[in-house]
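Below is one structure, written out as structure tokens; comments come after it.
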There are 2 protein chains.
Amino acid sequence: MARIKEKRATVHDLARAAGVSLATVDRVLNRRPGVRPATISRVEAAIEALDFRRDVPASLLARARAINVTVLLPDGENSFMANLSAAIEEEGRRRAAERLQITAQRVRAFDGGALARTIDALTRENCDCAIVVATDAEEVRAAVERAALRGIEVVTLVSDIPESRRRHFVGIDNLAAGRTAAALLGRFCGEGARIGLIAGSLALRDHQQRLQGFRETVRGKFPGLRLVGPLEGHDNAAETAVAAERLIAENDDLEGLYSLGAGNSGLVAALHRTGRAGKLRVVAHELTKTTRQGLKDGAIDVILDQNPQGEVRAALEIARQIGLGSYPLPEPFTIELGIFFAENLR
Amino acid sequence: MARIKEKRATVHDLARAAGVSLATVDRVLNRRPGVRPATISRVEAAIEALDFRRDVPASLLARARAINVTVLLPDGENSFMANLSAAIEEEGRRRAAERLQITAQRVRAFDGGALARTIDALTRENCDCAIVVATDAEEVRAAVERAALRGIEVVTLVSDIPESRRRHFVGIDNLAAGRTAAALLGRFCGEGARIGLIAGSLALRDHQQRLQGFRETVRGKFPGLRLVGPLEGHDNAAETAVAAERLIAENDDLEGLYSLGAGNSGLVAALHRTGRAGKLRVVAHELTKTTRQGLKDGAIDVILDQNPQGEVRAALEIARQIGLGSYPLPEPFTIELGIFFAENLR
DNA sequence: CCAGTCATGAGGTACGTACCTCACATTTTC
DNA sequence: GAAAATGTGAGGTACGTACCTCATGACTGG
């Protein structure tokens with residue numbers, strides 16, 4: 001019978017313990033100026049000693065303004081981004097009661113300059129924390145740096161900017177996704193089978209990583225597999241269809257396909273047109289209307305999904321904690337790779 | 001640029017709109033006695049009209065007592081239950097700040113009478129909501145009924161009591177789990193392959209459902225497969241080992257195994273002892289220390305996992321909402337089936 | 001040594017709800 | 001038609017934090 005109880009320290013206890021006034025405690029807690037470093041240390045020591053944690057409900061109640069969160073995500077008709085966008089809307093509504101004020105803004109896709117300018121336009125007035133589906137470009141990295149200096153924390157979503165001052169990354173492990181695809185196709189297909197690869201663009205870091213993971217596992221566990229490609233489908237249906245048809249036409253012994261980008265409606269169409277739907281073992285990414293249908297009618301065997309709703313939820317939770325200035329800094333959420341067959345579609 | 005803003009109605013607005021006093025609004029909101037049905041309706045109409053939702057932070061702050069949640073789970077050294085228990089401890093700590101008072105209590109496994117008595121012992125004084133890993137027995141169903149009448153809401157976790165007055169069920173879809181296992185083994189093994197089945201106990205409803213889902217998909221998609229078993233391993237290592245060795249010994253053409261219960265350390269041991277580790281395609285349930293190791297060394301191909309931490313989190317969230325008496329009743333959380341290979345172990 | 005700056009204290013109000021008490025009005029009961 | 005029970009109103013305090021103002025003491029540089 002584990003009983004978890006609690007008689008928590010308040011700001012008053014802190015003040016008493018540190019031998020300072022309530023006002024000073026408040027200044028330290030809310031990072032307001034006007035406190036000597038030595039005094040700050042005393043207060044922080046008291047926080048430590050009393051295991052003080054801000055009472056979130058009370059804090060939320062007392063603070064006048066909401067926590068402003070700005071979400072920046074690429075434009076375009078991509079159906080994954082549409083899902084992401086819908087998830088943001090919904091979670092935003094759900095969390096409005098907790099004084100989270102969410103603003104979503106679309107930025108030109110693949111345009112580092114535009115994204116950087118949008119980030120630069122954010123001010124402390126209208127934004128405590130930015131959630132960014134990042135384009136991995138030097139300009140963006142620099143803009144994140146400047147934002148951090150202005151006091152605006154950045155959380156990257158779906159695609160990361162490594163070695164930047166972003167506070168967190170929320171997304172799946174793309175290396176693991178690639179490895180998993182290989183683990184599946186390796187078991188689905190025969191020993192020396194030929195497998196085709198279609199990427200969106202090798203300039204995208206997530207696609208690169210998926211490819212790398214895939215090759216790693218093939219090398220390690222299924223060295224007999226013979227890979228062709230990757231061809232690039234640029235995340236769009238038409239080009240992806242062309243790529244798929246080419247792979248099929250040029251390799252009559254093709255047994256499997258791994259599509260590691262978007263544009264899967266083209267892939268499905270190509271499979272049906274060539275009569276290979278259900279005959280090839282196909283692994284692709286992202287649960288969408290098209291891929292869902294593909295699973296059901298057997299054109300696609302497995303979908304690896306990054307669960308946009310879960311990602312949005314995690315990113316907002318981190319943003320909330322950042323906005324509240326919570327002392328124990330938010331721990332990173334692990335977003336799990338979703339693996340879907342026709343049999344476990346949600 | 002979707003902006004989600006709000007200017008929410010307060011209890012004062014409600015009182016004005018309904019033409020009653022604050023005290024009456026309060027009585028209605030907190031289901032206290034002393035209000036005529038007609039007046040209650042007026043207040044509820046105002047709630048509807050103004051789209052009033054209780055301010056959770058303020059409510060939490062104002063209420064004197066914490067929300068008492070009691071978790072009842074089976075005893076025994078089962079490593080899945082140990083994980084579940086650990087998750088409860090951790091989530092309990094994490095959420096203590098939100099005035100959730102969590103008490104975990106272990107009850108004799110498979111003993112419906114004991115569980116029923118424990119539920120009957122709960123009072124409104126010490127418990128607003130009970131989270132129960134249920135044994136599916138008539139006595140338990142009746143105890144849940146009595147609890148509901150006393151005003152104690154019950155949420156079932158992991159295993160459900162259908163057609164009872166429990167308020168929610170948090171757990172995976174075991175039919176889908178069984179179907180997924182079949183989808184995997186069907187693709188891993190050859191057309192007419194022989195597959196062995198090991199259950200914990202067919203008296204357990206979740207195991208039954210997994211078996212049912214498995215057979216369903218085999219019938220529909222892989223009718224060539226020849227199934228043997230299920231043998232029962234009673235969720236314990238020794239018996240499971242015996243069952244596995246028997247299946248292996250009696251079927252020299254065995255290509256795959258689906259272990260749909262616990263006791264998987266016995267399974268792994270048997271695979272190694274008979275030299276079939278890595279040669280058979282094996283699907284089993286629950287990520288534990290043993291199965292994790294089994295994935296890594298190749299004895300197990302796939303683990304289907306129900307993510308105890310996610311389940312606990314979901315159940316606690318529901319309990320919290322129940323405890324707060326939130327007006328829009330909590331929506332059921334879907335717990336997703338986790339599918340793990342060596343390649344995407346978290 | 002004086003003006004100016006900085007660090008701190010004292011004390012207050014506000015947030016929205018829960019919960020309490022007491023008084024008064026209305027309805028029910030015999 | 002008096003007594004009892006019930007419904008409702010008025011008003012207050014408390015929860016823990018944020019944020020504000022004003023006063024004071026200490027230290028700085030010229």
Side-chain angles (χ1 to χ4, degrees), chain A residues 6-43 46-47 50-67 96-99 101 124 128 321 323-327, chain B residues 6-43 46-47 50-67 96-99 101 128 323-327:
Chain A
E6 203 74 19
K7 205 182 314 168
R8 306 177 46 219
T10 74
V11 281
H12 293 88
D13 301 329
L14 269 190
R16 209 172 320 117
V20 299
S21 76
L22 213 60
T24 300
V25 168
D26 181 65
R27 291 180 188 115
V28 173
L29 280 178
N30 296 295
R31 300 195 176 83
R32 271 187 272 275
V35 187
R36 237 174 316 165
T39 313
I40 295 183
S41 305
R42 286 221 318 279
V43 174
I47 291 174
L50 300 186
D51 186 28
F52 170 84
R53 274 155 305 155
R54 202 191 294 256
D55 184 302
V56 177
S59 156
L60 237 28
L61 182 58
R63 74 191 305 146
R65 52 190 213 96
I67 299 165
E98 302 174 50
R99 288 188 174 64
Q101 164 87 33
R124 271 317 296 265
D128 299 295
Q321 291 188 33
L324 285 175
S326 75
Y327 246 87
Chain B
E6 23 141 14
K7 207 181 311 166
R8 304 175 48 213
T10 74
V11 281
H12 293 87
D13 301 330
L14 268 190
R16 209 171 321 117
V20 299
S21 76
L22 214 60
T24 300
V25 168
D26 181 65
R27 290 178 188 114
V28 173
L29 280 178
N30 296 296
R31 301 196 175 82
R32 271 186 271 275
V35 187
R36 233 176 316 165
T39 312
I40 294 184
S41 305
R42 283 218 324 275
V43 174
I47 291 175
L50 300 186
D51 186 30
F52 170 85
R53 274 155 306 155
R54 205 190 293 256
D55 184 303
V56 177
S59 156
L60 235 29
L61 181 59
R63 78 192 302 147
R65 54 193 212 94
I67 300 165
E98 303 173 50
R99 288 188 174 63
Q101 165 89 32
D128 299 294
L324 285 175
S326 75
Y327 247 86

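Every chain is numbered from 1 and lettered A, B, ... according to where its sequence line falls, protein lines coming before strand lines.
Put simply, chain B comes within 4.0 Å of DNA chain C, heavy atom to any atom, from C:dG16 to C:dC19, going 5' to 3'.
Both A:Thr10 and A:Arg27 lie near DNA chain D, and the one whose nearest nucleotide falls closer to the 5' end is A:Thr10. When each of B:Arg32 and B:Ala58 is assigned the nucleotide of DNA chain C with its nearest heavy atom, B:Ala58 is the one assigned upstream, toward the 5' end. Where B:Leu22 and B:Gly19 each meet DNA chain D at their nearest nucleotide, the meeting point lying more 5' is that of B:Gly19.
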Please tabulate the protein-to-nucleotide N/O contacts below 3.5 Å involving nucleotides 3-5 of chain D, giving atom names and distances.
none

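To the nearest 0.5 angstrom, A:Leu60 atom CG is 6.0 Å from A:Ile67 atom CD1. Here the CZ-CG distance, from A:Arg54 to A:Leu14, works out to 10.5 Å after rounding to the nearest 0.5 Å.
Two residues are said to be in side-chain contact when any heavy atoms from C-beta on lie closer than 4.5 Å; B:Thr24 and B:Ser21 meet this criterion. For the pair A:Ile47/A:Leu29, a side-chain contact is recorded, criterion being any heavy-atom separation below 4.5 Å from C-beta on.
What you find for A:Asp55 and A:Pro57 is that their closest heavy atoms are OD1-CD, 2.9 Å.
Note on the helix from C:dC1-D:dG30 to C:dC30-D:dG1: angle between the axes of the first and last five pairs equals 10°, rounded to 10 degrees.
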Worked check of side chain to side chain contact (heavy atoms under 4.5 Å, CB included) between B:Val28 and B:Arg42: CA-CA 10 Å; B:Val28 173; B:Arg42 283 218 324 275; over 6 Å; no
Given side chain to side chain contact (heavy atoms under 4.5 Å, CB included), test B:Asp26 with B:Leu22 step by step and report yes or no. CA-CA 6 Å; B:Asp26 181 65; B:Leu22 214 60; over 6 Å; no
